[in-house]
Amino acid sequence: MNIQAILENKVKEAVLKIFNAELPSVEFQPTRKDFEGDVTVVVFPMLRVVKGNPVQIGEQIGTFLKDEVAEVSDFNVVKGFLNLVVSDTFYINFFNGIKDESNYGLVTESASDAVMVEYSSPNTNKPLHLGHIRNNLLGYSVAEILKASGKKVYKTQIINDRGIHICKSMLAWQRFGNGETPENTGLKGDKLVGNYYVAFDKAYKAEIAEMVVDGVDEKEAAKEAPILLEAQQMLQKWEAGDEEVTSLWKKMNGWVYKGFEETYKNMGVDFDKLYYESDTYLLGKDVVADGLEKGVFYKKDDGSVWIDLTEEGLDEKIVLRSDGTAVYMTQDIGTAIQRVKDYPDIMGMVYTVGNEQDYHFKVLFLILKKLGFSWAEQLHHLSYGMVDLPSGKMKSREGTVVDADDLMVDMTSTARELSEELGKLEEYSHEEKQVLYKMVGMGALKYYILKVDPKKRILFNPEESVDFQGNTGPFIQYTYARIQSILRKAKDTRVDVSTTLEVTAELHPKEKELIKQIQLFPETIQLAAANFSPALIANYVYDLVKEFNSFYQQVSILGEADEQKKALRVQLSRKVSEVIESGFKLLGIDVPERM
RNA sequence: GGUGGCAUAGCUCAGCUGGAUAGAGCACCUGCCUUCUAAGCAGGCGGUCCUAGGUUCGAAUCCUAGUGCCAUCACCA
């Protein structure tokens with residue numbers, strides 16, 4: 001049981017007995033490091049109910065608690081802050097209770113209602129870049145955190161496999177491809193297709209320039225360039241089901257999927273269900289017809305269908321074109337409904353999409369609510385800031401992107417260089433080393449991205465590589481490895497870790513701090529889930545590791561003469577490493593036995 | 001112009017529902033490897049919490065106005 005829960009009632013009781021007043025609530029905070037104590041009761045808010053000097057009130061409540069509550073062994077009052085020293089017994093009891101719990105902090109029984117988490121959702125005309133990495137890591141991690149908080153989770157993505165952008169790559173490949181394939185070039189499929197997307201843009205710009213020279217207005221030229229017109233024709237053919245276009249489309253998308261699969265595998269993310277835009281882009285039209293009948297939407301004279309959101313402070317939004325074709329919004333409405341049909345237990349959805357689409361999702365959610373779906377109350381746009389380079393925004397067409405595959409390779413080789421310099425891995429085989437380098441490199445990258453609050457934008461400077469020291473993934477992995485080393489030695493020297501510490505024992509201050517930090521893990525997971533924020537997990541694990549390293553430095557673990565104390569320290573170390581492991585698992589980061 | 005987000009140390013970031021002297025890491029400077037892995041630990045240097053008002057016993061945190069950066073406001077996706 002949480003110490004605050006115990007104290008809350010006792011403080012209220014104290015106030016009732018001493019001052020004959022009822023407190024609506026008690027405000028607690030962890031005692032700051034510079035003061036003696038573990039939990040602090042803030043006296044100021046009580047002044048509304050109890051008249052008097054805050055210091056005296058604090059003294060009186062403190063005396064009461066020390067006398068009446070076993071867990072409170074001492075107290076002191078500074079200004080209006082009542083600092084309570086919680087007894088070692090309490091912490092020892094707590095630790096004895098959780099030390100052998102294998103899934104400590106995780107809520108393993110899942111709720112009856114499920115949540116679907118969508119992330120990645122790339123276009124199939126170009127390779128994944130750093131922006132997708134942030135998206136993937138965030139989506140994956142939030143899905144894992146929701147699971148750990150007790151939710152059932154489906155991971156999904158919608159693949160934008162149709163549209164003019166695909167046709168551009170296809171057309172360029174037809175024209176300039178010379179039959180290139182991933183097989184005959186050795187290029188990854190998504191890279192190959194991406195090259196033709198760039199090739200299209202180049203040809204397109206050249207045509208515009210030529211037309212401008214011939215006296216055509218630049219805007220006009222941009223609309224009328226023959227290669228663009230041809231791409232548009234290709235899209236029409238695709239929509240008409242033209243055999244040649246369809247088979248080319250299938251072939252090139254197949255290349256891209258194979259490439260993506262490899263990237264996802266390297267990144268360590270996965271999906272339970274895939275949706276393809278080519279299957280879903282016609283969805284939603286019936287719903288619009290329905291909504292028209294209900295009066296949620298209205299039709300303009302030209303036949304286009306709209307929703308009026310001016311009452312909600314937004315504007316009017318189109319949901320169906322005048323020619324009856326679907327827009328992005330139509331499709332998203334349809335897809336959401338389809339998902340609930342596919343998985344009837346879904347009571348909420350999380351969309352991992354960049355903050356440039358904040359407005360779109362605001363409107364989408366509002367429409368779904370107006371259509372009366374109960375699950376529409378539980379939709380969340382996991383909006384995150386862009387990853388920008390010092391030079392500005394990344395643009396695929398202009399080649400100013402940090403490629404996902406390249407970056408992961410870079411991270412791994414940096415990890416290798418650092419590791420070789422330190423030279424601690426003599427007994428490792430070549431294969432084991434490769435696994436470790438990747439683990440550390442990816443750990444650095446994932447932690448670097450996930451420790452930042454999702455809604456803040458990230459400035460990524462490729463010139464300055466991601467750190468491996470300080471507040472970083474490798475720092476935490478290193479601490480884990482160090483603990484594993486201790487645990488191996490403890491096993492060799494037959495330290496009995498099954499013993500339970502006597503509740504009358506005294507704790508070293510560092511031991512106490514560690515237990516306090518371990519105690520926070522379960523609530524941190526819940527907080528991270530409620531806020532859709534892996535950053536909270538990252539920061540928590542960092543604090544835990546800082547605390548452990550300080551403990552490690554100050555007290556001897558295996559050198560401790562007292563067998564009971566030694567056992568406790570080994571147990572504490574083991575628990576810390578377990579929490580690191582589960583915390584990092586929620587971030588999609590693996591931990592090594594040695595490094 | 002309307003709307004939304006962000007602004008904290010030279011740099012990268014924490015700071016939960018308002019609470020004590022605003023915290024980490026990097027960088028720079030000192031110490032600590034004959035003792036459990038120095039990718040570590042201990043310490044130093046470094047702050048107009050964007051600005052101005054307001055609410056409060058108390059504001060980096062809440063409110064208002066302004067400034068700067070980003071996004072968005074298409075019968076594009």
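Every chain is numbered from 1, with letters handed out A, B, ... down the list of sequences. Computed over heavy atoms, backbone and side chain alike; hydrogens, waters and symmetry mates excluded.
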- Query: Would A/Phe35 count as stacked on B/rA20 if the rule is ring centres under 5.5 Å and plane angle under 30°?
  - Reply: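 Stack criterion met.
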- Paired with B/rU64 by Watson-Crick or G-U wobble geometry, both distances under 3.5 Å: which nucleotide is it?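 Base partner found: B/rA52.
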- Query: With both distances under 3.5 angstrom, what nucleotide forms a Watson-Crick or G-U wobble pair with B/rA71?
  - Reply: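 B/rA71 is paired with B/rU3.
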It should be established whether [X] places a side-chain nitrogen or oxygen under 4.0 Å from OP1 or OP2 of nucleotide [N].
X: A/Ser550; N: B/rC41; result: no
X: A/Ser419; N: B/rA39; result: no
X: A/Arg32; N: B/rG19; result: no
X: A/Tyr328; N: B/rA74; result: no
X: A/Arg321; N: B/rC76; result: yes
X: A/Arg482; N: B/rA38; result: yes
X: A/Lys456; N: B/rA14; result: yes
X: A/Asn549; N: B/rC41; result: yes

Between [options], which nucleotide gets closest to the side-chain atoms of [X]?
X: A/Ala481; options: B/rG4, B/rU37, B/rG19; value: B/rU37
X: A/Phe475; options: B/rC41, B/rG4, B/rC16; value: B/rC41
X: A/Lys362; options: B/rG4, B/rA77, B/rA39; value: B/rG4
X: A/Lys546; options: B/rA39, B/rC36, B/rG25; value: B/rG25
X: A/Tyr542; options: B/rU21, B/rA24, B/rC57; value: B/rA24
X: A/Tyr359; options: B/rC73, B/rA20, B/rG19; value: B/rC73
X: A/Ile486; options: B/rC36, B/rU3, B/rA39; value: B/rC36
X: A/Val452; options: B/rC6, B/rC16, B/rA14; value: B/rA14
X: A/Gln29; options: B/rG19, B/rA14, B/rU21; value: B/rG19
X: A/Phe81; options: B/rG15, B/rC73, B/rA20; value: B/rA20

Using whole Å, what does the distance between atom [atom2] of nucleotide [N] and atom [atom1] of [X] come to?
X: A/Leu364; N: B/rA77; atom1: CG; atom2: C1'; value: 14 Å
X: A/Arg488; N: B/rC36; atom1: CZ; atom2: P; value: 14 Å
X: A/His381; N: B/rG4; atom1: NE2; atom2: P; value: 16 Å
X: A/Gln554; N: B/rC36; atom1: CD; atom2: C1'; value: 15 Å
X: A/Asp543; N: B/rG23; atom1: CG; atom2: P; value: 14 Å
X: A/Glu356; N: B/rU3; atom1: CD; atom2: C1'; value: 16 Å
X: A/Asn355; N: B/rC6; atom1: CG; atom2: P; value: 10 Å
X: A/Glu27; N: B/rC57; atom1: CD; atom2: P; value: 15 Å

Does [X] reach a base, just sugar-phosphate, or nothing at all? Heavy atoms under 4.0 Å.
X: A/Arg48; result: base
X: A/Glu593; result: base
X: A/Lys455; result: sugar-phosphate
X: A/Val77; result: nothing
X: A/Met386; result: nothing
X: A/Pro54; result: nothing
X: A/Asp453; result: sugar-phosphate

- Query: Is any N or O donor-acceptor pair between the side chain of A/Thr40 and the base of B/rA20 shorter than 3.5 Å?
  - Reply: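 Under the 3.5 Å cut-off, the side chain and the base do form a donor-acceptor pair.
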- Query: Do A/Asn83 and B/rA20 share a donor-acceptor pair, side chain to base, under 3.5 Å?
  - Reply: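 Checked by distance alone, the answer is yes.
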- Nearest-nucleotide comparison on RNA chain B, the residue closer to the 5′ end among A/Ser322 and A/Leu418: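 Between the two, 5'-proximity favours A/Leu418.
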- Residue whose closest nucleotide on RNA chain B lies nearer the 5' end, A/Pro454 versus A/Lys510: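 Its nucleotide being nearer the 5' end, the pick is A/Pro454.
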Roughly how many Å apart are [M] and [N], using the [atom1] atom of each and rounding to a whole number?
N: B/rC63; M: B/rG25; atom1: C1'; answer: 34 Å
N: B/rG10; M: B/rG5; atom1: P; answer: 28 Å
N: B/rU48; M: B/rA42; atom1: P; answer: 27 Å
N: B/rA27; M: B/rC45; atom1: C1'; answer: 11 Å
N: B/rG31; M: B/rC50; atom1: P; answer: 37 Å

- Message: Among A/Gln4, A/Glu27, A/Met46, exactly one meets side-chain contact (heavy atoms from CB on, under 4.5 Å) together with A/Val11. Which residue is that?
- Response: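 Single side-chain contact (heavy atoms from CB on, under 4.5 Å) partner of A/Val11 among A/Gln4, A/Glu27, A/Met46: A/Met46.
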- Task: Please say which of A/Phe361, A/Phe365, A/Tyr359 ends up in a ring-ring contact (aromatic ring centres under 6.0 Å, His included) with A/His381.
- Result: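 That would be A/Phe361.
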- Message: Distance check, rounded to the nearest 0.5 Å: A/Ile476 atom CD1 versus A/Ile589 atom CD1?
- Response: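 Result: 7.5 Å between the selected atoms.
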- Message: Whether the side chain of A/Glu560 engages the backbone of A/Asp562 through a donor-acceptor N/O pair (distance < 3.5 Å, no angle test) should be reported.
- Response: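 Here the side-chain-to-backbone pair exists.
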- Without swapping roles, check the side chain of A/Lys433 against the backbone of A/Arg416 for a donor-acceptor pair under 3.5 Å.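 Here the side-chain-to-backbone pair does not exist.
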- Query: Using a distance-only test with no angle check, is there a side-chain donor-acceptor pair under 3.5 angstrom linking A/Asn471 and A/Tyr447?
  - Reply: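 Short answer, yes.
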- Item | Assigned glycosidic conformation for B/rC33 [threshold 90° from 0] |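 That one's syn.
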- In terms of the angle between their ring planes, are A/His380 and A/Phe532 parallel, tilted or perpendicular, with boundaries placed at 30° and 60°?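 Because their plane-to-plane angle is under 30°, the rings of A/His380 and A/Phe532 count as parallel.
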- Query: Can A/Asp323 and A/Arg321 be said to form a salt bridge (charged side-chain N to carboxylate O under 4.0 Å, His left out), step by step?
  - Reply: CA-CA 5 Å; A/Asp323 62 5; A/Arg321 290 195 190 99; 5.1 Å; no
- A/Tyr276 and A/Trp249 aromatic centres sub-6.0 Å: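 When the ring centroids of A/Tyr276 and A/Trp249 are compared, they turn out to be at least 6.0 Å apart.
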